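Written out below as structure tokens is the structure these notes cover.
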2 protein chains.
Amino acid sequence: MPETPSASAQPPHRRRSASSRRAILDASLDLCADQGYGPVTVEAIAARAGVSKKTIYRWWPSKGAVVLEALDDAANPAADFPDSGDLLEDLVVQMEGLVRGLFSDRRFGPALVGLIADTQHDPMLARGLVDDLFGPRVEDARRRLVKARDVGQISQDADPNLVIELLYAPLYYRLLLHQGDLHDTTELRVLIEHVMRAVAPKT
Amino acid sequence: MPETPSASAQPPHRRRSASSRRAILDASLDLCADQGYGPVTVEAIAARAGVSKKTIYRWWPSKGAVVLEALDDAANPAADFPDSGDLLEDLVVQMEGLVRGLFSDRRFGPALVGLIADTQHDPMLARGLVDDLFGPRVEDARRRLVKARDVGQISQDADPNLVIELLYAPLYYRLLLHQGDLHDTTELRVLIEHVMRAVAPKT
DNA sequence: GGATCAAGGGAACGGCCCGTGTCGTTTCTC
DNA sequence: GAGAAACGACACGGGCCGTTCCCTTGATCC
């Protein structure tokens with residue numbers, strides 16, 4: 001048995017080269033940035049990273065898995081959900097960061113778009129996307145909303161998951177269905193304020 | 001010059017075989033239905049339609065273009081926007097139909113999902129998707145909302161485009177980001193009612 | 001009704017990238 | 001310092017791409 005790279009293997013691969021890993025993740029995002037995700041090949045990533053194709057296939061099952069890990073790695077710092085007590089302002093701050101990443105960051109947006117596209121015919125990759133990339137961040141947002149609900153900033157019978165969808169779905173709708181980007185902060189604020197109105201506590 | 005198939009050619013291809021066209025469109029949706037869009041190849045479509053690959057490439061530039069035309073062809077009847085005067089009920093009816101198509105119709109959902117994925121790295125195909133498939137239907141919805149606004153069913157300063165996004169984006173969010181399907185009508189009604197609350201006329 | 005000419009069928013092509021295998025070398029671990 | 005695992009390099013069989021060649025079919029025009 002050639003040792004499955006992904007899930008729970010017993011000894012966590014003691015000799016894996018950290019520098020190769022970095023070079024591969026960086027190369028994958030670089031290539032996505034200037035060609036888009038689609039045309040990028042495992043061979044090209046290997047070449048750019050100065051690494052053998054075999055090394056990539058040893059640790060990742062596919063191009064998508066590489067990009068997923070690269071994005072997860074890159075997104076960590078900026079994604080934290082603020083908690084100032086003012087829900088609306090926290091949402092503006094958090095979503096502004098996300099919008100920048102999705103529509104302006106050439107190292108992030110194109111790679112994520114292509115990755116999402118890829119998950120449409122790769123169930124394992126889809127699982128990774130949901131569990132590793134989206135899951136924790138959605139959970140963050142959910143916690144923030146539950147807290148806001150407990151404090152009475154939004155209605156008691158508002159479903160946090162629905163609120164998340166109303167807030168974030170339009171971003172991905174525009175991104176994936178080519179409906180133009182969210183250019184200015186004003187537009188974002190209008191969106192958030194409408195959603196807040198939908199879940200305002202009953203007076 | 002080998003005659004460009006897509007745009008404005010002078011004589012509209014007088015001798016094109018209607019039966020081959022039908023067979024190709026049908027074959028493309030059939031194959032999407034039982035393999036998903038991704039694995040489907042032009043060769044497979046040709047084989048299933050009992051047609052030469054060349055015939056496909058004569059009239060369409062890519063697999064995506066075939067599926068796009070097939071979907072546009074298939075969606076025509078069911079997509080009409082009702083106008084009973086009651087905006088909420090009209091939305092429920094229209095969106096129920098859409099949800100069925102997206103999540104239950106094995107001939108429609110998988111093909112559309114894959115097609116959308118494909119548009120992420122094919123700008124021409126993206127243009128076709130927006131202009132031919134989404135454009136006219138979004139315009140229908142927009143007209144219905146403008147009418148509702150004129151009658152005072154929603155707020156005067158509600159942006160129809162924003163309302164459309166709030167309503168429909170969650171559907172595609174769930175579909176493309178693997179967040180589970182919209183199972184029951186109740187859930188759909190809750191969504192619509194929240195959006196209506198966000199754009200309710202000021203009393 | 002026969003000539004004409006685009007459309008269609010069939011088969012093959014070079015090219016690209018996939019995922020795997022081989023082999024010799026490097027590098028960490030004990 | 002010995003052993004093992006990861007690594008770089010290269011080559012492979014295979015699949016599908018989009019295109020090409022050649023020949024047949026069938027609708028349109030005179």
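Quick caveat, the model's predicted, so the values are computed rather than measured. Throughout, protein chains are lettered first and strands after them, A, B, ... in sequence-line order, and every chain is numbered starting at 1.
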Under 3.5 Å, sequence neighbours excluded: what are the donor-acceptor pairs made by side chains of residues 33-42 of chain A?
unit_1: A/Tyr37; atom_1: OH; unit_2: A/Asp118; atom_2: OD2; d: 2.4
unit_1: A/Thr41; atom_1: OG1; unit_2: A/Glu43; atom_2: N; d: 3.4
unit_1: A/Thr41; atom_1: OG1; unit_2: A/Ala44; atom_2: N; d: 3.0

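Looking at A/Pro82 and A/Gln94, their side chains come closer than 4.5 Å, going by heavy atoms from C-beta outward. The side-chain heavy atoms of A/Leu115 and A/Leu125, taken from C-beta on, include a pair separated by under 4.5 Å.
Listed pair A/Thr55 / D/dG8 meets the phosphate criterion, a side-chain N or O lying under 4.0 Å from OP1 or OP2. Not one side-chain nitrogen or oxygen of B/Trp59 sits closer than 4.0 Å to the OP1 or OP2 atom of C/dA7.
The base of C/dG19 sits within donor-acceptor range of the side chain of A/Lys53, with an N or O pair under 3.5 Å.
For residues 165-178 of chain B, every residue pair satisfying the salt bridge (Lys or Arg N to Asp or Glu O under 4.0 Å) rule, not counting sequence neighbours, is listed here: A/Glu165-B/Arg174, A/Arg174-B/Glu165, B/Arg174-B/Glu187. The stretch residues 189-201 of chain B participates, sequence neighbours left out, in these side-chain hydrogen bond (donor to acceptor under 3.5 Å, both in side chains) pairs: B/Glu89-B/Arg189.
Using modelled atom types, no side-chain atom of A/Arg149 and backbone atom of A/Pro160 make a donor-acceptor pair closer than 3.5 Å.
Listed in residue order, the members of residues 38-51 of chain A having a heavy atom less than 4.0 Å from DNA chain D are A/Gly50, A/Val51.
The CD1 atom of B/Ile56 sits 13 Å away from the P atom of C/dG10 (whole-angstrom rounding). A straight line from CD1 of A/Ile24 to C1' of D/dC7 spans 10 Å, rounded to a whole angstrom. Taking atom CG of residue B/Asp118 and atom P of nucleotide D/dC17, one finds them 11 Å apart after rounding to whole Å. One interatomic measurement links the two molecules: CD of B/Gln35 to C1' of D/dC16, which rounds to 14 Å at whole-angstrom precision. Counting to the nearest Å, the C1' atom of D/dC7 and the CH2 atom of A/Trp60 are 13 Å from each other. At whole-Å resolution of the value, CG in B/Asp122 and P in D/dC17 are 14 Å apart.
Under the 4.0 Å criterion applied to side-chain N and carboxylate O atoms, B/Arg143 and B/Asp140 are assigned as salt-bridge partners.
Across the helix from C/dG1-D/dC30 to C/dC30-D/dG1, the helix axis at one end is tilted relative to the axis at the other end by 30° (nearest 10 degrees, each axis from five pairs).
You'll find the ring centres of B/Phe134 and B/Tyr168 outside the 6.0 Å limit.
Taking for each of B/Lys63 and B/Lys54 the nucleotide of DNA chain D with the nearest heavy atom, the 5'-most of the two is the partner of B/Lys63.
The B/Arg58 side chain lies nearest to C/dA7 when the options are C/dA7, D/dA9, C/dG10.
In terms of the side chain to side chain donor-acceptor pair (under 3.5 Å) criterion, residue partners of B/Glu69 (sequence neighbours excluded) are, by chain and number, B/Arg21, B/Trp60.
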